[in-house]
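Encoded as structure tokens, the structure appears first; notes follow it.
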Amino acid sequence: MTKIRLAVLISGRGSNLQALIDACAKPGFPAEIAVVISNQPDALGLERAATAGIPAMIVDNAYFKGDKAGFEQSLTDTINQYNVDLICLAGFMRILSADFLARFKDKVINIHPSLLPAHKGLDTHASVLKAGDTAHGCSVHVVTPGMDEGDIILSRTVTVKKGDDEAALAARVLVEEHIAYPEAVRQIALKEITIRGGHVVRQGKTAKISQPETKMSHHDTHHAAPVADAEAIARSHQMWNAFTKGSTYAGGGVVLVLILLAVLVA
Ligand code: GRF
């Protein structure tokens, strides 16, 4: 079996990297980690890579003193040494430019600790608690220039329980992250999904993942978010367009009648 080759980009603890290392060590898993790259020289994840015998590289952004293009060029050169098929951001705390992403078109994915599109950015657990959400989770998504905005590959949900604080939520979501990331890589490696033109394509159709479930049972649910049928989405868009167009005409008609009435009364 040919395995796809991953570059895993990290900045710190590297527990998601560890989940990928463990998955790749299983017989029959269709991916291998070619290189781990950290922008932080003291990232714990670098030790995890070294322990697993994986090349561990540092591209320290601080060295480039704000020269983002220089940093990204160095990152690019490092990745290019390893003949990589997919770049997995795993707690990588740098925003990648459109130029960088264009070099690795449709090859960069990320894991985010929320049910995207809700709670983009940092401090997602606090944000979920503040919003009073009953469902939370993680999403693996395509990386695009907009932060946490690319198509969702899969998500996993946990219930927010009474008395949960940020730490409790973070711990429960992390368990799901460690299942979600290897599963997303597996699906990509086996071409169950492909990323094309920045979008997730499933079984030959460009599919948007529907909103994650918000109705929860008493138990946490552990599943990939359901995939909406692309044709159904297109149909609903058509219906919506027709409806809004119709409403515009209807609205126009009402205004016309009112003007005529006003003219008659005058
Ligand atoms: C994870 O919560 C991930 O979702 C987010 O950053 C964190 C990284 O954790 N992008 P780790 O370094 O993988 O332990």
Side-chain angles (χ1 to χ4, degrees), residues 8-23 43-45 48 88-95 108-144 146-188 192-193 195 199-200 202 207-229 232-233 236:
V8 184
L9 273 52
I10 60 164
S11 297
R13 178 178 59 178
S15 69
N16 279 289
L17 162 67
Q18 189 65 55
L20 290 170
I21 291 173
D22 295 345
L44 175 64
R48 297 180 191 269
C88 301
L89 309 185
F92 184 66
M93 301 300 284
R94 308 304 300 173
I95 294 175
V108 189
I109 63 173
N110 182 42
I111 184 147
H112 180 77
S114 82
L115 293 176
L116 288 171
H119 308 291
K120 296 172 183 164
L122 297 173
D123 299 327
T124 57
H125 309 301
S127 170
V128 161
L129 289 171
K130 196 170 167 210
D133 292 357
T134 53
H136 187 25
C138 64
S139 313
V140 181
H141 66 96
V142 178
V143 176
T144 58
M147 188 163 64
D148 302 325
E149 279 183 354
D151 273 11
I152 298 161
I153 295 165
L154 63 85
S155 59
R156 291 179 67 87
T157 306
V158 300
T159 308
V160 180
K161 294 176 185 161
K162 229 177 167 193
D164 269 342
D165 58 10
E166 279 181 60
L169 273 185
R172 253 189 355 272
V173 169
L174 199 61
V175 172
E176 300 309 315
E177 292 187 33
H178 297 163
I179 300 167
Y181 220 176
E183 174 57 16
V185 168
R186 190 194 66 77
Q187 289 184 15
I188 292 168
E192 288 175 14
I193 73 147
I195 303 167
H199 293 286
V200 169
R202 242 169 259 262
K208 286 258 182 207
I209 304 284
S210 66
Q211 295 292 319
E213 273 184 29
T214 45
K215 255 190 181 172
M216 305 293 296
S217 69
H218 292 302
H219 306 287
D220 292 356
T221 54
H222 304 302
H223 56 80
V227 180
D229 177 76
I233 292 169
S236 84

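What you are looking at is a predicted structure, and each value in this text was computed from that prediction instead of being measured.
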With H178 via ring pair (Phe, Tyr, Trp, His ring centres under 6.0 Å) - residues at least two apart: none
Mind listing the closest non-hydrogen atom pair of [X] and [Y] along with its distance?
{"X": "G121", "Y": "D148", "answer": "N-OD2, 2.8 Å"}
{"X": "Y181", "Y": "A90", "answer": "CE1-CB, 4.1 Å"}
{"X": "A19", "Y": "P182", "answer": "O-CG, 3.8 Å"}
{"X": "I111", "Y": "A180", "answer": "CD1-CB, 4.3 Å"}

Contacts of type side chain to side chain contact (heavy atoms under 4.5 Å, CB included), residue A131, not counting sequence neighbours: H119, D133
Which residues share a side chain to side chain contact (heavy atoms under 4.5 Å, CB included) with M147, sequence neighbours left out: I95
Heavy-atom distance under 4.5 Å between the side chains of [X] and [Y], does that happen here?
{"X": "I153", "Y": "I195", "result": "yes"}
{"X": "I152", "Y": "L115", "result": "no"}
{"X": "L116", "Y": "K120", "result": "yes"}
{"X": "L174", "Y": "R13", "result": "yes"}

Strictly distance-based, threshold 3.5 Å: is any side-chain N or O of S114 a donor or acceptor partner for the main-chain N or O of T124? no
Determine whether a donor-acceptor pair (N or O, by modelled atom type, separation under 3.5 Å) exists between the side chain of D151 and the backbone of V142. no
H136 and side chain to side chain contact (heavy atoms under 4.5 Å, CB included): which single residue from V128, T159, T157 fits? V128
For the [atom1] atom of [X] and the [atom2] atom of [Y], what is their distance to the nearest 0.5 Å?
{"X": "I188", "Y": "L154", "atom1": "CD1", "atom2": "CG", "result": "8.5 Å"}
{"X": "H141", "Y": "E149", "atom1": "NE2", "atom2": "CD", "result": "10.0 Å"}
{"X": "S155", "Y": "E177", "atom1": "OG", "atom2": "CD", "result": "12.0 Å"}
{"X": "S15", "Y": "I10", "atom1": "OG", "atom2": "CD1", "result": "10.5 Å"}

Which side chain to side chain donor-acceptor pair (under 3.5 Å) pairs, counting each pair once, include a residue from residues 162-171, with sequence neighbours left out? D164-R172
Suppose we screen for side chain to side chain donor-acceptor pair (under 3.5 Å). Which residues come up paired with R48, at least two apart in sequence or across chains? Q18
For R186, what residues pass the salt bridge (Lys or Arg N to Asp or Glu O under 4.0 Å) criterion, not counting sequence neighbours? E183, E192
